[in-house]
Every structure is written in C-alpha cells, then in structure tokens.
Amino acid sequence: METGTIPTAEVPGPFDLQATLESGQTFLWTRRDGRMYEATVPTGDNAWYRTVIDGAGVALRQSDAGLEWRATTDPTEELRERLGLTDEMATAIAALPDDGLTGMAKAAFPGLRVVNEPFFPTLVSFILSAQMRVERIHALVQTLSERYGTAHRIGEEVVHAFPEPADLAAVSEAELRELGLGYRAPYVTATAEMVAEGVLTANDIRGRDYEDARETTTGYVGVGEKVADCVLLFSLGYPDPVPLDTWIRSAIDEHYPDVRGDDYASTSRALRDRLGPYPGVAQTYVFHYLRHRDAIEAPV
DNA sequence: CTCCAGGGAGCCT
DNA sequence: AGGCTCCATGGA
C-alpha cells in the first residue's frame with residue numbers, strides 16, 4: 001500500500017471532487033459513509049471515495065493539501081485523465097458563458113469537471129439510467145459490481161470493479177430483473193454480448209465525427225440518442241454532446257424557448273450554439289446546477 | 001392513491 | 001421519418 005498527494009498547486013484551476021463524482025456523470029465511485037448525493041459536504045474519513053482503476057483499488061479524498069490517494073501503485077496520471085485535471089478542461093470551464101444558467105452554475109460549482117470514465121461501465125450505467133433517479137443508478141451499478149465484478153483490496157478495505165462484458169453477458173435476464181433492473185435487463189444483456197463478442201466496440205466509435213459517432217453508438221440495445229450523448233461525453237472525450245434529458249428539456253422551456261426543435265438532433269444543435277465553445281461542459285454544469293438549485297437559492 | 005425519474009424499443013402510419 | 005404506447009421499480 002502506497003499513499004500520496006496530488007498537490008492543489010499541480011491541478012490547473014479550481015477542483016471539487018465531490019461535485020465531480022456526485023453529479024451523475026459517473027456511478028463507479030462510492031463514498032465511505034455511503035451518503036452520496038445528499039446536500040452535505042463529507043469531512044474526515046467520510047470523504048474517502050473508492051473505485052478500481054486498471055485492475056487496482058484506489059481510494060481518494062480531497063483536503064486542503066490536495067488530492068490524497070491510497071493504492072498499490074501511483075494512480076496520479078490515470079486520475080488526471082479520468083477526473084479532467086487537465087489544462088484543456090480548465091480552459092473549457094474558464095470559457096463558459098458568465099451569463100444565464102451557465103454563469104449561475106459556474107458560480108455555484110466552480111470546481112466541477114467533466115469525467116472521462118471507462119467505456120463499458122459508462123455504457124451500461126447510462127442504459128440503466130432510463131427513467132431512473134441518479135441515486136438509484138448508482139445503487140444498481142454498485143450492486144452489479146459487487147455481484148459480478150472482481151474484488152480488490154485497498155489495505156483493509158475492499159472495492160469491486162465493474163463486471164467485464166463477458167461476465168455481465170452471462171447473467172440471465174431473470175436474475176438481472178431480480179436485482180431491480182426492470183425492463184432494462186434485456187438491454188444490458190444484449191449490449192454486454194455485443195461488446196464481449198466485438199460486434200460493436202469503442203474502437204468502432206472513436207475517431208468518427210460527433211453526430212456520426214452518436215448514430216453509431218445507438219447501435220447498442222437500449223441506447224438511443226440521449227444515452228449515446230452521455231457515453232460520448234463522459235467516456236469518449238467528445239466535447240459537443242448536450243444530452244437532452246428531462247432536466248435539460250425543462251431548462252430549454254424555461255430559459256431557451258426558441259431552441260426547441262422538431263427532433264432530438266435539431267434541438268441539440270440549436271442548444272449547442274447557445275452554450276459556448278464547449279457545449280458538453282456547459283451542459284454538465286447546467287444539469288448539476290438545476291438539480292441543486294433549490295438548496296442553493298434557499299440555504300437551510 | 002398518483003406522479004415522476006439523466007428514455008428506448010416496437011409498431012403503426 | 002415521425003408519433004404513440006408500453007415498459008419495471010422505488011420514492012415523494
């Protein structure tokens with residue numbers, strides 16, 4: 001077991017670990033006190049998050065000194081990639097429009113980053129996300145990991161990796177339904193088979209222009225345009241996707257009424273033109289802000 | 001009780 | 001292509 005710290009001074013721009021990990025972009029981390037998505041800031045040992053990176057357990061928390069980690073090998077470079085601790089991300093955030101919703105969101109959560117998480121876990125996570133609350137998506141992803149993923153140690157603690165495609169594909173639909181996946185169970189099975197058998201993989205998507213990549217991604221079962229946008233934004237590093245979920249659609253009605261188009265593609269294009277040079281970053285900020293707006297405007 | 005959640009597939013015109 | 005209906009489950 002090694003420990004280390006990424007000093008705050010070595011992270012470009014402001015960074016907020018809690019906002020980044022608890023904003024519904026990734027469901028692959030768990031907090032030690034098990035109380036994610038609540039309107040409170042964890043302190044001390046409660047602030048440790050854990051996940052598996054490249055087959056090794058990693059624990060991480062933010063303190064005044066920076067990002068403290070515990071792992072068997074130094075995860076600093078992987079963390080920079082996965083958590084957006086890059087100059088490019090800092091530049092994109094600084095370029096967010098200061099007016100309107102993005103301005104409010106940036107003021108409220110200046111350290112929020114867009115993540116870049118592994119492809120298959122992100123794909124399955126957002127297949128599960130259909131008609132499901134953020135807290136429950138996280139619970140189901142963790143259940144799948146505990147049941148079908150490999151266990152790894154971080155000292156005395158245990159953390160489970162998200163299942164490999166073949167291992168998830170081997171689980172019966174009935175069993176997945178028992179876990180609470182509902183009608184999404186056959187989607188997960190079919191998509192896991194496609195990835196495991198190489199029918200459609202991340203390499204078939206990378207490198208394509210954004211809208212082409214989105215159409216290709218909808219080739220998975222249970223993946224429509226919205227889920228495809230989430231996968232491209234939170235896993236494959238595309239800067240343009242603006243996933244049109246219920247929150248963003250209501251924000252369009254409230255703040256950008258002229259943006260609403262006939263279909264997903266045209267609405268998406270029109271909204272992108274309003275959100276500045278990094279639409280995906282802006283959308284991520286707006287989504288997180290909308291979900292916490294009440295608590296911000298009426299603090300207890 | 002009803003309504004809603006980071007929607008999508010299947011079917012119909 | 002575009003519109004409609006149904007789909008599981010849990011929390012408010």
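Residue numbers begin at 1 in each chain, while the letters A, B, ... track the order of the sequences.
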* Asked: How about A/H160 and A/Y148: are their ring centroids closer than 6.0 Å?
  -> no
* Answer with yes or no whether the side chains of A/D74 and A/T76 bring together a donor and an acceptor at under 3.5 Å. => yes
* **Outermost DNA chain C nucleotides near chain A [under 4.0 Å, heavy atoms]** => C/dG2 to C/dG11
* Under 4.0 angstrom, heavy atoms only, what part of the nucleic acid is A/E225 near: base, sugar-phosphate, or nothing? -> sugar-phosphate
* Sticking with atom C1', work out how far C/dC7 lies from B/dC4, rounded to a whole angstrom. => 15 Å
* Asked: Are the charged groups of A/R272 and A/D240 less than 4.0 angstrom apart, N to O?
  -> no
* To do: Quick one: label A/Y220 by what it contacts on the DNA or RNA (base, sugar-phosphate, nothing), any heavy atom closer than 4.0 Å.
  => sugar-phosphate
* Kindly check if the number of other-residue, nucleotide or ligand heavy atoms within 6.0 Å of CZ (A/R153) is above 12? => no
* Tell me, please, the opening and closing nucleotides of DNA chain B, 5' to 3', among those with an atom under 4.0 angstrom from a non-hydrogen atom of chain A. => B/dC4 to B/dA9
* To do: Let me know, please, whether A/V223 or A/F126 comes out on the 5' side of the other along DNA chain B by nearest nucleotide.
  => A/F126
* Asked: With sequence neighbours excluded, what pairs up with A/A105 under the side-chain contact (heavy atoms from CB on, under 4.5 Å) test?
  -> A/Y285, A/Y289
* Considering only heavy atoms, which members of residues 176-192 of chain A lie under 4.0 Å from some atom of DNA chain B? -> A/Y183, A/Y187
* Asked: In terms of ring plane angle, is the pair A/H138 and A/Y37 parallel, tilted or perpendicular, where the classes change at 30° and 60°?
  -> perpendicular
* Assign A/G24 to base, sugar-phosphate, or nothing according to its heavy-atom contacts below 4.0 angstrom with the strands shown. => base
* Take A/T86 and A/M89, measure what side chain to side chain contact (heavy atoms under 4.5 Å, CB included) needs, and give me the verdict at the end. => CA-CA 5 Å; A/T86 61; A/M89 181 61 62; 3.4 Å; yes
* Within 45° of the ring axis of A/W69 and under 6.0 Å from its six-membered ring centre, is that where the NZ or CZ of A/R61 lies? -> no
* **Gap in Å between the two P atoms, one belonging to B/dT2 and one to C/dC6, rounded** => 16 Å
* With distance as the sole test, does A/E173 use its side chain to make a donor-acceptor pair with the main-chain N or O of A/Y187 at under 3.5 Å? -> no
* **Distance between C1' atoms of C/dG3 and B/dA5 (Å, rounded)** => 22 Å
* Mind checking A/S23 for me? I need base, sugar-phosphate or nothing, with any heavy atom below 4.0 Å counting as a touch. => base
* A/E211 and A/R269 ion-paired at < 4.0 Å -> yes
* Asked: Between A/R274 and A/D258, does at least one N-O distance fall below 4.0 Å, as a salt bridge requires?
  -> yes
* Mind checking whether A/F126 and A/F27 have ring centres under 6.0 Å apart? -> yes
* Which value, in whole Å, describes the distance between the C1' atoms of nucleotides B/dC1 and C/dG10? -> 15 Å
* To do: Take A/R35 and A/N46 through the test side chain to side chain contact (heavy atoms under 4.5 Å, CB included) and record every step on the way to the result.
  => CA-CA 9 Å; A/R35 303 190 59 169; A/N46 289 332; over 6 Å; no
* **Residues within residues 100-121 of chain A bordering DNA chain B, heavy-atom distance below 4.0 Å** => none
* In terms of hydrophobic clusters joined by side-chain contacts under 4.5 Å, are A/I154 and A/M36 together? -> no
* To do: Go through the steps to decide whether A/Q62 and A/T8 satisfy the test side chain to side chain contact (heavy atoms under 4.5 Å, CB included), and finish with yes or no.
  => CA-CA 9 Å; A/Q62 187 166 29; A/T8 301; 6.0 Å; no
* What base-paired stems does DNA chain B take part in, with at least 3 consecutive Watson-Crick or G-U wobble pairs and both distances under 3.5 Å? -> B:2-5 with C:9-12, B:7-13 with C:1-7
* Go through the side-chain N and O atoms of A/S266 and A/D263 and say whether any donor and acceptor fall under 3.5 Å apart. => yes
